[in-house]
Trainee: 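The structure's right below; bear with me while I get my questions together.
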There are 2 protein chains.
Amino acid sequence: MASDVGRTKRPTMVDVATRAGVSLKTVSRVVNNVPHVQPELVERVLAAVAELGFRRNPSASSLRSGQATATIGLLIEEIANPFYAMIAGAAAEVARQHDTMLIIASSEEDPARERQLLRDMCARRVDGLLVVPAGDDHSFLRAEVELGTPMVFLDRPAGGLLADTVLLDNRGGARAGVRRLVEAGHRRIGVLLDSLSVYTMRERLDGAQDALAPAGVPYDTRLVRDGVRDPAEAARVVSEMLDRPDPPTAFFSLNNRITLGVIEELHRRGSDAAVLGFDDFDVARLVPHPLTVIAYDARELARTATELLFRRIGGDRSWPRTVVLPTELIARGAAPRRAGHAP
Amino acid sequence: MASDVGRTKRPTMVDVATRAGVSLKTVSRVVNNVPHVQPELVERVLAAVAELGFRRNPSASSLRSGQATATIGLLIEEIANPFYAMIAGAAAEVARQHDTMLIIASSEEDPARERQLLRDMCARRVDGLLVVPAGDDHSFLRAEVELGTPMVFLDRPAGGLLADTVLLDNRGGARAGVRRLVEAGHRRIGVLLDSLSVYTMRERLDGAQDALAPAGVPYDTRLVRDGVRDPAEAARVVSEMLDRPDPPTAFFSLNNRITLGVIEELHRRGSDAAVLGFDDFDVARLVPHPLTVIAYDARELARTATELLFRRIGGDRSWPRTVVLPTELIARGAAPRRAGHAP
DNA sequence: TATTGCTCGGACAACGTTGTCACAATAGCG
DNA sequence: CGCTATTGTGACAACGTTGTCCGAGCAATA
C-alpha cells in the first residue's frame with residue numbers, strides 16, 4: 001500500500017531487496033558481483049534494480065568500505081589553455097580505461113589556490129592526484145602522501161616533496177634548437193619569455209645558454225626579455241629589438257603564444273629573421289614565416305603520468321621515479337625565402 | 001596511551017572532540033559554522049583541527065545530510081578540443097565562484113557512453129549537470145530531473161526532455177554570412193561540413209539555404225559535401241571542386257578544422273576564392289588568405305549555462321527556458337588581393 | 001541414515017557525519 | 001527569590017552501504 005508513496009526519494013538497496021524478495025545483503029552481493037549467489041536470485045535482483053532504477057550511493061559505499069571513490073584529481077593551471085586541454089584529454093582517456101572519473105581543477109597559477117584545491121581533492125578521497133605544480137612548496141602534501149593518496153607531478157617538479165614526476169626535456173630541447181640557430185650563423189638572438197618564476201621557462205633559458213657558451217656567442221641580457229605575457233606584448237618587444245642599432249637576426253620564443261606575436265610582427269615588417277619557438281601548435285605550418293619549433297608530445301606526457309599514477313593506485317610501492325620525455329626539432333611555416341642574415 | 005597508536009588513519013571529528021575536550025556535536029557545529037558556540041570552544045576546536053590536520057569526510061557528510069556534494073558535472077564531447085576546453089574553462093570559473101568542483105567527462109560522441117557517464121555522475125549526487133548532448137534521446141534523464149538534479153544543456157538541445165538550454169544562433173549566423181557572400185556576387189558556393197548527424201551542422205546548413213533562396217541562387221547539392229572530417233580531407237574536396245568545369249567562387253566551411261584545410265588548399269593553388277568559416281580561431285588573423293568568420297563567444301555560452309544551472313541549484317523552479325546567443329561576422333586573414341571572381 | 005563439508009542467505013554492527021531533541025546553565029522578569 | 005526564556009551543549013539515532021559471522025540448506029560419503 002504505502003510502498004509506492006513518496007516517489008521523491010532514490011531507491012536504496014533495501015527497496016531493491018524488498019522488491020526482489022531477498023535480503024539486503026544478497027542485493028549487496030549481486031551489486032558487487034560477489035560470486036556464489038544463486039543465478040535465479042541474481043536475476044531477480046537485477047530485475048528489481050532495473051525496475052526501480054536503483055544506483056548505488058557512492059557516498060555510503062566509500063564511507064563504509066573506506067576505499068576507492070573511482071575518481072582521480074587533476075590540477076592544472078588553466079583548462080582553457082590548449083596545452084592543458086591536451087593534458088586533460090589524455091589523462092581522461094587513461095582514466096576511462098580504468099573506469100575512473102576525472103576531476104579537473106585550475107589553480108590559475110596561484111599557490112594558495114593550488115593548496116586549497118589539492119587539500120579539497122584529498123578530502124574528497126580521490127584515489128590519486130595528478131598535479132602540474134603552480135607553487136614551489138608542496139611539503140604540505142606529505143601527510144596526504146603518507147595517508148596513502150598517490151600523486152604524480154607532471155611538467156614541473158614538486159617542491160619539497162619526494163614524488164613521482166614526469167617532465168619534458170625543456171633544457172635539452174632549447175639547447176638543440178639554439179644550437180641549430182648558432183650553427184646557421186646567428187650571433188644575436190632575441191629571447192622572449194613569459195616569466196622566469198616558472199620552472200619550465202628557467203630550464204629553457206638555461207638550455208639556450210648551454211648552446212651559446214660553447215659556440216663563443218656572448219649572452220647579451222639586453223636581448224633577453226622577461227614578462228612577455230601575450231602576443232601583442234611579444235610583437236612590441238620584437239619591434240623594439242629590431243629598431244636597435246644591431247638588431248637580432250633570430251628570435252627564440254619560449255612559448256607558443258609569444259611565437260605568434262613574434263611572427264606577426266616579423267611578417268608585418270617583412271623581416272626575414274629566423275624564428276625558433278618552444279611548443280608546436282596546430283596551425284604552425286600555415287603561418288606566413290619560416291619557423292622551427294621545439295615540439296613535444298603533451299599527450300604522451302599526460303599518458304605517462306596517468307599510467308604511473310594508476311600503477312601506484314594499483315599498489316606499486318617502489319621508489320618514486322622521475323621520467324623525462326624527449327623533445328623534437330621541427331621546421332614549420334612558409335618555406336624560407338632565402339636565408340640571408342644581416343652582416 | 002593507545003591514543004597515538006596507528007597514525008595511519010585520518011583523524012575524525014571524534015578525534016578532534018577528544019583533543020579539544022568537547023563533544024562530537026560541538027566539533028560538528030564549529031566545522032559547519034553554526035552560530036551560538038562559545039568563542040572559547042570554537043578556538044579550542046579550531047586549534048585541534050589544525051593540529052590533527054582534520055578534514056571533514058564529504059562521503060559521510062553528504063550521506064548523512066543527503067544534500068550537496070559541492071560538485072557539478074560537465075559532459076562534453078572531447079576535452080582536448082579547444083572549443084570544449086574553452087567551455088570547460090568558463091564553466092570551471094563560474095563553478096569556482098560558487099565554491100564548487102567541476103567533474104568533466106567526455107562522451108567521445110558516443111550516445112551509449114554519454115548515457116553511462118550521465119548516470120554515473122547522477123549516482124555521485126552531483127548538484128547539477130551541464131550537458132553538451134551527443135545522443136538525441138535524453139528521456140532517460142527524466143527520472144533524475146524529477147529526483148531533483150538540475151540540468152542545463154548547451155550548444156545543442158536535449159532530445160525528448162524539457163530542460164534549460166543555451167544555444168548559439170547557428171542558423172542566423174550562417175544566414176548572415178552566406179547572405180554577405182551572395183551580396184558580393186557569389187553564385188556558386190562550395191559548402192563543406194563534418195556531419196549532418198550533428199545538430200549544429202544541420203542548423204548551419206539550413207541557415208545557408210535560408211540565404212540562398214531569396215537571392216535566387218540555386219541550391220546545388222554537388223557543391224555540398226558532407227563527411228569532411230579533417231583539414232586534409234577538406235583540402236582534397238576543395239581541390240576537387242575547383243577542378244570542376246564551373247568551380248565555386250566561394251567556400252563556406254562549417255567548422256574551423258575544415259576552414260584550415262580549405263585555406264591551405266586555396267593558398268597552395270594561389271586561388272582567390274572567398275572563404276566564409278563558422279568558428280573563429282586564435283590564429284585566424286595570421287592565415288595567408290582573406291577570410292570571413294562567423295564568430296561567437298564560447299565562454300559566454302558556458303558562462304550563461306553555468307549561471308543558469310546555479311540558479312536552479314539555488315532553488316529557481318521556474319519554467320525551463322531556452323537562451324540563444326548571437327553570432328558575429330568578422331573579416332580576418334590577409335587583406336584581399338582584389339576581389340575578382342570568375343565570370 | 002548419520003555425519004561431514006560446503007554453499008549461500010541473513011542479522012548485525014560499523015563507517016563519519018549531522019539532525020533531533022532534551023537538558024544544563026545563564027539571564028530576565030515579576 | 002523563584003519562575004520562565006534563552007542560549008549553549010551533548011546523547012542518540014540515522015543516512016546507505018559493506019564486512020563479519022553464524023547458521024540453514026544441501027550434497028557427498030561412510
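Only this structure's heavy atoms are used, side chains among them; waters, hydrogens and symmetry mates stay out. Sequence lines set the chain letters: A, B, ... in the order given, protein chains first and strands last, and positions in each chain run from 1. Remember, it's a predicted structure, so these values are computed and weren't measured experimentally.
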Trainee: In degrees rounded to 10°, what angle is found between the helical axes fit to the five outermost pairs at each end of the helix from C:dT1-D:dA30 to C:dG30-D:dC1?
Mentor: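 For the helix from C:dT1-D:dA30 to C:dG30-D:dC1, the axes at either end differ by 50°.
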Trainee: Which residue pairs satisfy the side-chain hydrogen bond (donor to acceptor under 3.5 Å, both in side chains) criterion with at least one member in residues 34-54 of chain A, sequence neighbours excluded?
Mentor: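 Applying side-chain hydrogen bond (donor to acceptor under 3.5 Å, both in side chains) to every pair that reaches into residues 34-54 of chain A, excluding sequence neighbours, yields A:Arg19-A:Glu51, A:Glu40-A:Arg44.
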Trainee: Suppose we screen for side-chain contact (heavy atoms from CB on, under 4.5 Å). Which residues come up paired with B:Arg156, at least two apart in sequence or across chains?
Mentor: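 Applying side-chain contact (heavy atoms from CB on, under 4.5 Å) to B:Arg156 gives B:Glu77, B:Tyr84, B:Glu109, B:Val132, B:Pro133, B:Val198, B:Tyr199, B:Thr200.
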Trainee: Taking only residues two or more places apart in sequence or in another chain, which ones pass side-chain contact (heavy atoms from CB on, under 4.5 Å) with A:Arg29?
Mentor: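 Here the qualifying residues are A:Lys25, A:Val34, A:Val37.
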Trainee: Heavy atoms only, 4.0 Å cut-off, all strands: where does B:Ser28 land among base, sugar-phosphate and nothing?
Mentor: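 Base: the residue B:Ser28, judged by heavy atoms under 4.0 Å, touches a nucleobase.
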Trainee: Would you indicate what A:Val22 reaches in the nucleic acid, counting non-hydrogen atoms under 4.0 angstrom: base, sugar-phosphate, or nothing?
Mentor: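 Counting heavy atoms under 4.0 Å across all strands, the contact made by A:Val22 is with sugar-phosphate only.
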Trainee: Taking side chain to side chain donor-acceptor pair (under 3.5 Å) as the test, write out the residues that go with B:Asp164, two or more places apart.
Mentor: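 In terms of side chain to side chain donor-acceptor pair (under 3.5 Å), with neighbours along the sequence ignored, B:Asp164 is linked to B:Arg312.
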Trainee: Considering residues at least two apart in sequence or located in another chain, which fulfil the ring-ring contact (aromatic ring centres under 6.0 Å, His included) criterion with B:Phe310?
Mentor: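 For B:Phe310 the ring-ring contact (aromatic ring centres under 6.0 Å, His included) partners, ignoring immediate neighbours, are B:His98.
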Trainee: Tell me which pairs pass side-chain hydrogen bond (donor to acceptor under 3.5 Å, both in side chains) where either residue lies in residues 135-145 of chain B, with sequence neighbours left out.
Mentor: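 Listed once each, the pairs are A:Arg10-B:Glu144, A:Arg55-B:Glu144, B:Glu114-B:His138, B:Asp137-B:Ser139.
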Trainee: Tell me, please, which residues at least two apart from A:Ala90 pass side-chain contact (heavy atoms from CB on, under 4.5 Å).
Mentor: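 By the side-chain contact (heavy atoms from CB on, under 4.5 Å) rule, A:Ala90 matches A:Arg299, A:Ala302.
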Trainee: Is the backbone of A:Val145 close enough, under 3.5 Å, to the side chain of A:Thr149 for a donor and an acceptor to pair up by distance?
Mentor: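 Not confirmed, A:Thr149 side chain does not pair with A:Val145 backbone.
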Trainee: Return the 5'-most residue of the pair B:Ala60, B:Gln38 with respect to DNA chain D, ranking by each residue's nearest nucleotide.
Mentor: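 Upstream on the strand: B:Gln38.
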Trainee: List, with names and distances, any nitrogen or oxygen atoms from the protein found under 3.5 Å away from nitrogen or oxygen atoms belonging to nucleotides 22-25 of chain C.
Mentor:
none

Trainee: So where does chain B start and stop touching DNA chain D, 5' to 3', when the test is distance under 4.0 Å to a non-hydrogen atom?
Mentor: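 Terminal contacting nucleotides, 5' to 3': D:dG8 to D:dG16.
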Trainee: Can you check the B:Asn32 CG to C:dG19 C1' distance for me, whole Å?
Mentor: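 Going from B:Asn32 (CG) to C:dG19 (C1'), I get 11 Å.
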Trainee: Tell me if a side-chain donor or acceptor on A:Thr26 pairs with a main-chain N or O of A:Val22 at a distance below 3.5 Å.
Mentor: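 Between the backbone of A:Val22 and the side chain of A:Thr26 there is no qualifying donor-acceptor contact (under 3.5 Å).
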Trainee: Using heavy atoms to find the nearest nucleotide of DNA chain C for B:Arg64 and A:Thr26 separately, return the residue whose nucleotide is more 5′.
Mentor: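 With B:Arg64 and A:Thr26 compared, the 5'-side residue is A:Thr26.
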Trainee: Can you list everything that forms a side chain to side chain donor-acceptor pair (under 3.5 Å) with B:Arg124? Sequence neighbours excluded, please.
Mentor: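 Partners of B:Arg124 by the side chain to side chain donor-acceptor pair (under 3.5 Å) criterion, ordered by chain and then number, come out as A:Thr71.
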Trainee: C:dC8, OP1 or OP2 - any side-chain N/O from A:His36 closer than 4.0 Å?
Mentor: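 It does, given that an N or O in the side chain of A:His36 lies less than 4.0 Å from OP1 or OP2 of C:dC8.
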Trainee: Have a look at B:Val31 and say if it touches a base, only the backbone sugar-phosphate, or nothing, with a 4.0 Å heavy-atom cut-off.
Mentor: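 Nothing, no nucleic acid heavy atom in range.
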Trainee: Looking at every strand, decide which applies to B:Arg29 at a 4.0 Å heavy-atom threshold: base, sugar-phosphate, or nothing.
Mentor: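 Base contact.
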Trainee: Applying side-chain contact (heavy atoms from CB on, under 4.5 Å), can you list everything that pairs with B:Thr18, at least two apart in sequence or on another chain?
Mentor: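 By the side-chain contact (heavy atoms from CB on, under 4.5 Å) rule, B:Thr18 matches B:Val14.
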